Amino acid sequence: MLYPVWLKVTQAKCLVVGGGQIALRRATTLLSCGAHVVVVSPELCPELAAMHECGDIAYIPARYDPSHVTDSKLVIAATDSRDVNAAIGRDARKQGILCNMADSQAESDFFLPSVVACGSVQVAISTGGSSPATAKALRLALAADMEDGGNRFVSMLRSLPDSLSR
Ligand SMILES: C[C@@]1(CC(=O)O)c2cc3[nH]c(cc4nc(cc5[nH]c(cc(n2)[C@H]1CCC(=O)O)[C@@](C)(CC(=O)O)[C@@H]5CCC(=O)O)C(CC(=O)O)=C4CCC(=O)O)c(CCC(=O)O)c3CC(=O)O
Ligand SMILES: NC(=O)C1=CN([C@@H]2O[C@H](COP(=O)(O)OP(=O)(O)OC[C@H]3O[C@@H](n4cnc5c(N)ncnc54)[C@H](O)[C@@H]3O)[C@@H](O)[C@H]2O)C=CC1
């Protein structure tokens, strides 16, 4: 069983190592939550390069080095190298920093959920890593329903036995 939390990352340094699509996904979410996103990678995909050009993220154009982890609140290891991602995880752990490794559920301290946001309400969906595609399908179904007034979701909640909906 995973322990669910809603983490405050506003203005906190969050390190993303790697410059591909997974790094982009992680950087985008962190940025939308107000984090100070630092990306380390010898190269960036066009979307991350654009985010750097407009000043949304800090960029260190280099291969990963253990010093990059220092002072991070969170670390995301999203390179395409198992050895590099594992080393990032070990360095983060030494400094007591939580780390997610894109290629190792076993070594990650936390997973990323699918999120539906509706005003101040956020719903996070996880399958504990067993089926990310299911988490995404549930998000899309719930988002479509909420846009439509949330009737199916709300009626589903109302149809729960009193003992469950209390
Ligand atoms: C452990 C975890 C990562 C972590 O958090 O550490 C993880 C792991 C892996 N995902 C893989 C594949 C895909 N992931 C997606 C999508 C999402 N994956 C996300 C989270 C997580 N994915 C974490 C567990 C979440 C949970 O608990 O359910 C979401 C929710 C959030 C996000 O990533 O932003 C986001 C949906 C966002 C949204 O749109 O709502 C799609 C669909 C798509 O991209 O369209 C596919 C292709 C379809 C498929 O194959 O299922 C693979 C195989 C890689 C390979 O072998 O090629 C692994 C590796 C493995 O399983 O080890
Ligand atoms: N968690 C998930 O949902 C999924 C995870 N993955 C895993 O995520 C990882 C990354 O995937 P993509 O972004 O698609 O890969 P990608 O190949 O597009 O990007 C990898 C990036 O890492 C950078 N890199 C390589 N060595 C580096 C180093 N020493 N220091 C810093 N940066 C370095 C490269 O320059 C490149 O920008 C892969 O290991 C893949 O197995 C893949 C699909 C889904």
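Note that this is a predicted model, so its numbers are computed, not measured. In this chain, residues are counted from 1 in sequence order. Below, each value reflects all heavy atoms present in this structure, side chains not excepted, and no hydrogens, waters or symmetry copies. Order of appearance sets the numbers: ligands from 1, and atoms from 1 within every ligand.
At a threshold of 4.5 Å between non-hydrogen side-chain atoms, the residues F110 and L74 count as touching. Annotation: side chain of H36 is not in contact with side chain of L30 (no heavy-atom distance under 4.5 Å).
I125 contributes atom CD1, which lies 8.0 Å from atom CZ of R139 (distance to the nearest 0.5 angstrom). Here the OG1 atom belonging to T70 is positioned 9.5 Å from the NE2 atom belonging to H68, to the nearest 0.5 angstrom.
Put simply, the residue from V37, L31, L112, V39 that forms a side chain to side chain contact (heavy atoms under 4.5 Å, CB included) with R26 is L112.
Residues satisfying the side chain to side chain contact (heavy atoms under 4.5 Å, CB included) test with R63, not counting sequence neighbours, are P42.
Sorted by first and then second residue, the pairs that involve residues 117-137 and meet side-chain hydrogen bond (donor to acceptor under 3.5 Å, both in side chains), not counting sequence neighbours, are S131-T134.
The immediate protein surroundings of ligand 2, defined as residues with any heavy atom under 4.0 Å of it, consist of V17, G18, G19, G20, Q21, I22, R25, R26, V40, S41, P42, E43, R63, Y64, A78, T79, D80, V84, A102, D103.
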Less than 3.5 Å apart, N/O on ligand 1 and N/O on the protein: could you list those pairs with the distances?
from, atom 1, to, atom 2, distance (Å)
ligand 1, 5 (O), N100, ND2, 3.3
ligand 1, 5 (O), L112, N, 2.7
ligand 1, 6 (O), N100, ND2, 2.7
ligand 1, 27 (O), S126, OG, 2.8
ligand 1, 27 (O), T127, N, 3.0
ligand 1, 27 (O), G128, N, 3.1
ligand 1, 27 (O), G129, N, 2.7
ligand 1, 28 (O), T127, N, 3.0
ligand 1, 28 (O), T127, OG1, 2.6
ligand 1, 33 (O), R25, NE, 3.3
ligand 1, 33 (O), R25, NH2, 2.8
ligand 1, 33 (O), R26, NH1, 2.8
ligand 1, 33 (O), R26, NH2, 3.2
ligand 1, 34 (O), R25, NE, 3.3
ligand 1, 34 (O), R26, NH1, 3.0
ligand 1, 39 (O), R139, NE, 3.3
ligand 1, 39 (O), R139, NH2, 2.7
ligand 1, 40 (O), S114, OG, 2.5
ligand 1, 40 (O), R139, NE, 2.3
ligand 1, 40 (O), R139, NH2, 3.4
ligand 1, 45 (O), K136, NZ, 2.6
ligand 1, 61 (O), Q105, NE2, 3.1
ligand 1, 62 (O), Q105, NE2, 3.4

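There is no side-chain donor-acceptor pair under 3.5 Å between D83 and S81.
No continuous path of hydrophobic side-chain contacts links V40 to Y59 [ILVMFWY only; heavy atoms under 4.5 Å].
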